[in-house]
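Notes follow once the structure below has been shown.
Every chain is numbered from 1 and lettered A, B, ... according to where its sequence line falls, protein lines coming before strand lines.
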Amino acid sequence: MASRFNPLSADARWQKIWDERETFRASDASAKPKSYVLEMFPYPSGRIHMGHVRNYTMGDVLARFRRMTGHEVLHPMGWDAFGMPAENAAMEKNVHPGTWTRANIAAMKAQLKRLGFALDWSREIATCEPEYYGQEQALFLDLYEAGLVYRKESAVNWDPVDMTVLANEQVIDGKGWRSGAVVEKRKLSQWFLKITDFADDLLNGLGALDQWPEKVRLMQENWIGKSVGMRCTFHFAGRPGGFEVFTTRPDTLYGASFTAIAADHPIAQELAKNSPDLQAFIAECQQSGTAAADIETAEKKGFDTGLRVQHPFDPNWHLPLYVANFVLMDYGTGAIFGCPAHDQRDLDFARKYGLPVNRVVAPEGHENEPVGGEAYVGPGRLVHSHFLNGMEIEAAKQAVIARAQHEGWGKGTTVWRLRDWGVSRQRYWGTPIPFIHCDDCGVVPVPKSQLPVKLPEDVSFDIPGNPLDRHPTWKHVDCPKCAKASRRETDTLDTFVDSSWYFIRFASQPDDKPFDRAVAESWLPVGQYIGGVEHAILHLLYARFWTRALKKIGKIDVAEPFTGLFTQGMVTHETYKAPDGNWLSPQEVEARDGQIVAIASGEPVQRGRVEKMSKSKKNTVDPGPIVDQYGADAVRWFMLSDSPPERDLPWSEAGIEGAWRFVNRLWRLIDGLEDAQGEDKDLDRKLHKTIAGVAEDIEDLGFNKAVAKLYELANAIEKAKPSASRATAIRTVLRLVAPMVPHLAEEGWARLGEDGLVADAAWPDVDPALLVDDEVTIAVQINGKLRDTLMVAKGTPREELEKLALAAPNVLRQLDGAAPKKVIVVPDRLVNLVA
RNA sequence: GCGGAUGUGGCGAAAUCGGUAGACGCGACGGACUUAAAAUCCGUUUCCCGUUAGGGAGUGCGGGUUCAAGUCCCGCCAUCCGCACCA
């Protein structure tokens with residue numbers, strides 16, 4: 001009597017057994033080769049979304065596969081639990097951020113468990129718990145002792161109505177997102193991590209990350225932004241003083257025709273005191289937005305200060321000094337020299353203000369060719385440049401730097417776009433920064449014996465500002481050094497700090513220290529890290545920095561945290577827009593007479609693009625009800641099917657239906673298994689090719705290809721007549737699909753009377769002899785066009801193939817008696833006749 | 001503007017080394033089973049001509065190399081992503 005696969009009961013049954021047996025608990029002491037598979041841990045927003053499901057399913061397949069191939073697998077899960085949404089919820093719903101966060105964690109954990117992920121829950125971490133952030137405070141103090149943490153004045157976005165500091169993302173068009181008040185810049189003393197100490201190493205390290213997407217490496221490279229060049233001083237003509245300039249093209253110094261400083265350069269500020277015109281110009285510069293579109297169209301504008309500066313090579317050669325809108329104070333020195341012939345911006349500027357354009361670099365034979373509308377940035381030799389004439393660009397750069405250093409007016413230097421990492425946040429829901437401010441002793445670290453510095457629970461969010469700052473008792477403490485009444489630091493750490501080392505804590509989490517070095521090193525680096533590309537820069541760069549910082553202070557010897565990185569695509573869904581401009585969910589529309597209409601009103605609606613699921617577009621699909629309807633396996637299967645994992649996956653009702661159908665087909669195969677006699681060589685080959693192919697695809701994270709191969713195998717088994725081969729194939733298929741549809745696999749494993757759990761079973765062995773066919777199809781082409789095919793034994797000699805090809809019926813007709821001019825034979829592949 | 005990725009049927013996609021383009025899935029169409037429907041099963045499905053046999057075209061566009069190009073080279077176009085006046 002045929003049985004049906006009931007995912008509701010099967011899912012629960014096997015999840016319970018995995019839990020009870022601690023099947024996926026990773027053992028530090030294991031002698032097996034270790035494999036660390038990690039997906040980016042979620043922010044506990046309250047609900048799992050499809051993106052999570054896809055992300056964690058991919059990691060899960062890999063983790064389960066690695067277990068089957070003999071690895072001790074660490075596959076942990078936790079919560080990036082600090083952050084602003086909890087404070088927003090606190091304000092809106094009058095609930096404590098901790099209560100809100102912990103409730104969300106409980107709900108999301110249940111949802112993840114419902115999907116049957118092979119996670120080691122014994123290592124679960126929530127960054128908002130003192131067990132975690134207390135250890136983070138200890139590490140922060142270690143970095144402080146090592147000189148990698150410092151304080152400095154820095155500007156923040158201040159919302160004068162909400163009396164709070166805003167993150168850049170919370171400033172919209174210069175106004176606070178909540179209050180709508182115009183945001184002010186305020187200077188606050190803040191904590192910084194010296195990531196720039198590692199700029200060179202972070203850049204160089206990218207070269208070794210060959211299992212990272214090229215795209216991410218490039219993004220990090222650009223972010224770090226290394227520029228090698230020269231710093232040099234320009235002196236004013238006819239008055240004392242001057243300023244420093246940074247350039248990557250010291251070779252073009254003889255082509256200089258002006259100098260320029262940023263609007264907020266101290267010299268500009270000074271000059272503006274006596275010049276209302278300059279004041280107005282500076283105001284104009286500051287007003288023009290740095291928004292993406294503006295810059296594209298922004299005109300180069302300058303204000304001639306009237307001051308003249310001496311050219312470093314010739315004190316009698318004077319250049320004008322402008323304040324210019326395209327010079328940035330926070331890059332280099334905030335001042336440039338302009339060489340219009342070889343820099344497009346300088347050229348635009350020079351044309352506008354009638355400044356000379358002097359070519360100093362030229363390819364062979366173009367020495368006196370004037371520069372037109374486009375600056376020349378190509379290779380060549382120096383011209384019109386005195387002692388530099390005839391040199392290649394690189395040599396000329398070195399020559400200028402050497403002379404500048406010799407004469408004392410400049411030196412070779414490297415400038416980075418990367419800034420030190422400001423980690424202070426004037427917020428409650430984050431890791432308290434473990435310092436105390438004493439009037440006499442200054443900034444004093446909290447002694448490690450007093451860690452963790454716990455967040456006070458009794459806080460309110462009904463008035464604006466930082467609750468830590470206005471808490472009646474929390475910040476009042478005695479100085480650990482002199483015992484005088486002092487104040488606690490009330491800033492908390494950027495949540496990116498929390499996620500910069502969590503993968504180490506997963507590997508080792510003793511009570512008395514952040515991690516045990518030997519244990520952590522036995523797991524690290526993470527072999528495969530999977531997550532969204534939105535973390536390509538900050539999170540990944542910060543984690544790479546922390547790993548280096550911890551290495552520098554001798555806490556761990558790991559070069560890079562993540563050997564392999566995979567950035568998966570998003571889950572997308574159709575969108576629909578009503579005539580009134582409102583979005584409609586795909587459930588609210590239907591097709592009627594070849595038109596898409598709103599079900600409620602009958603009005604025609606417009607089909608929008610297939611886009612990332614978002615509440616605003618009303619195209620989200622909640623995984624919860626889908627899992628309840630189809631079971632975890634169908635959802636997992638669908639997440640892996642069709643689209644390559646790095647690309648977007650369009651969600652569809654039909655897609656999940658298809659996955660569900662396949663789960664049932666598999667079950668029918670298992671359920672209907674009859675032991676029979678006899679060999680089916682073709683099926684044996686298909687099976688072993690699939691074993692090898694699926695393993696390869698999973699290793700490459702090519703899940704869609706693995707899925708396709710499993711479909712092919714299932715089709716072949718269904719078509720095959722009963723035989724011993726067929727029975728073996730069905731038993732083997734269970735292990736092949738186990739990483740993807742583990743509940744069904746366990747159910748089938750038990751049904752077929754196999755021992756233990758399929759989760760503990762080994763990946764099937766491949767018989768290499770069965771990977772090669774003994775018959776092959778030969779394509780017969782005439783002039784490269786397919787005309788016929790031949791079935792021949794593998795290894796049929798060339799002459800034989802040629803003879804067979806020439807005798808093929810379609811070839812005879814096409815050639816019509818003529819002999820081919822040339823015959824190309826590729827054994828076991830094709831014969832091409834050139835007529 | 002700079003950098004990167006992508007472009008193949010109605011749709012998601014395969015083709016790993018230059019060698020039969022479209023595997024696999026979805027959808028659609030036809031059929032079986034059924035009083036009927038669902039489920040399931042069988043078949044067809046790149047386009048055009050043709051009842052079949054077969055023929056022609058075809059991997060964003062235009063050139064090229066080659067016996068042979070989705071794949072290599074040159075030049076374009078479009079879409080998406082990232083960065084953005086970085087001296």
So what does [X] hit on the nucleic acid, given a heavy-atom distance under 4.0 Å: a base, only sugar-phosphate, or nothing?
X: A:Leu218; answer: sugar-phosphate
X: A:Ser641; answer: nothing
X: A:Val826; answer: base
X: A:Asn832; answer: base
X: A:Glu696; answer: base

TODO: Indicate the ring-plane relationship of A:Tyr254 and A:His311, choosing parallel, tilted or perpendicular according to the 30° and 60° boundaries.
DONE: parallel
TODO: Describe, in one word, how the ring planes of A:His265 and A:Phe243 are oriented to each other, choosing from parallel (under 30°), tilted (30 to 60°) and perpendicular (over 60°).
DONE: perpendicular
Open item on the list: Syn or anti for B:C81, given that syn means the glycosidic angle lies within 90° of 0?
Closed with: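 Anti.
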Open item on the list: Would B:G63 be called syn or anti here, given the cut-off of 90° from 0?
Closed with: anti
Open item on the list: What's the closest nucleotide to the side chain of A:Leu328 if the choices are B:A87, B:C26, B:G55?
Closed with: B:A87
- [ ] Indicate yes or no: at least one non-hydrogen side-chain atom of A:Ile195 is less than 4.5 angstrom from one of A:Leu202.
- [x] yes
Open item on the list: If you assign A:Glu214 and A:Pro644 each to the RNA chain B nucleotide with the nearest heavy atom, which residue ends up on the more 5' nucleotide?
Closed with: A:Glu214
Open item on the list: For A:Ser652 and A:Asn783, find the nucleotide of RNA chain B closest to each by heavy atoms; which residue's nucleotide sits nearer the 5' end?
Closed with: A:Ser652
Looking only at the side chains, is there a donor atom on one of [X] and [Y] sitting less than 3.5 Å from an acceptor on the other?
X: A:Arg661; Y: A:Asn664; value: no
X: A:Arg544; Y: A:Gln220; value: yes
X: A:Tyr711; Y: A:Ser641; value: no
X: A:Asp420; Y: A:Thr196; value: yes

TODO: Round to the nearest Å and state the distance from A:Glu611 atom CD to B:U79 atom C1'.
DONE: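 Result: 13 Å.
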TODO: Could you check how far CD of A:Glu657 sits from C1' of B:A28, rounded to whole Å?
DONE: 17 Å
Task: Any A:Arg647 side-chain nitrogen or oxygen under 4.0 Å from OP1 or OP2 of B:A13 - done: yes
Task: Side-chain N,O (A:Arg217) to OP1/OP2 (B:G4) below 4.0 Å - done: no
Open item on the list: With a 6.0 Å cut-off on the ring centroids, do A:Phe638 and A:Trp651 count as close?
Closed with: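 Judged by ring-centre distance (under 6.0 Å), A:Phe638 and A:Trp651 do meet the cut-off.
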Measure all distances between protein nitrogen or oxygen atoms and nitrogen or oxygen atoms of nucleotides 80-83 of chain B, and list the pairs falling under 3.5 Å.
{"from": "B:C80", "atom 1": "OP1", "to": "A:Arg609", "atom 2": "NH1", "distance (Å)": "3.3"}
{"from": "B:C81", "atom 1": "O2'", "to": "A:Lys215", "atom 2": "NZ", "distance (Å)": "3.3"}

Identify each atom pair where a protein N or O and an N or O of nucleotides 20-24 of chain B are less than 3.5 Å apart, giving names and distance.
{"from": "B:A23", "atom 1": "O2'", "to": "A:Glu712", "atom 2": "OE2", "distance (Å)": "3.2"}

Open item on the list: Let me confirm one number: the CD-CD distance from A:Glu699 to A:Glu696, rounded to the nearest 0.5 Å.
Closed with: 9.0 Å
Open item on the list: Does the structure show a Watson-Crick or G-U wobble partner for B:G27, both distances under 3.5 Å? Name it, or say none.
Closed with: B:U45
- [ ] Both distances under 3.5 Å, Watson-Crick or G-U wobble: report the partner of B:C86, or none.
- [x] none
Open item on the list: Check whether A:Tyr630 reaches the backbone of A:Asp633 with its side chain - one donor and one acceptor, N or O, closer than 3.5 Å.
Closed with: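 No; zero donor-acceptor contacts below 3.5 Å.
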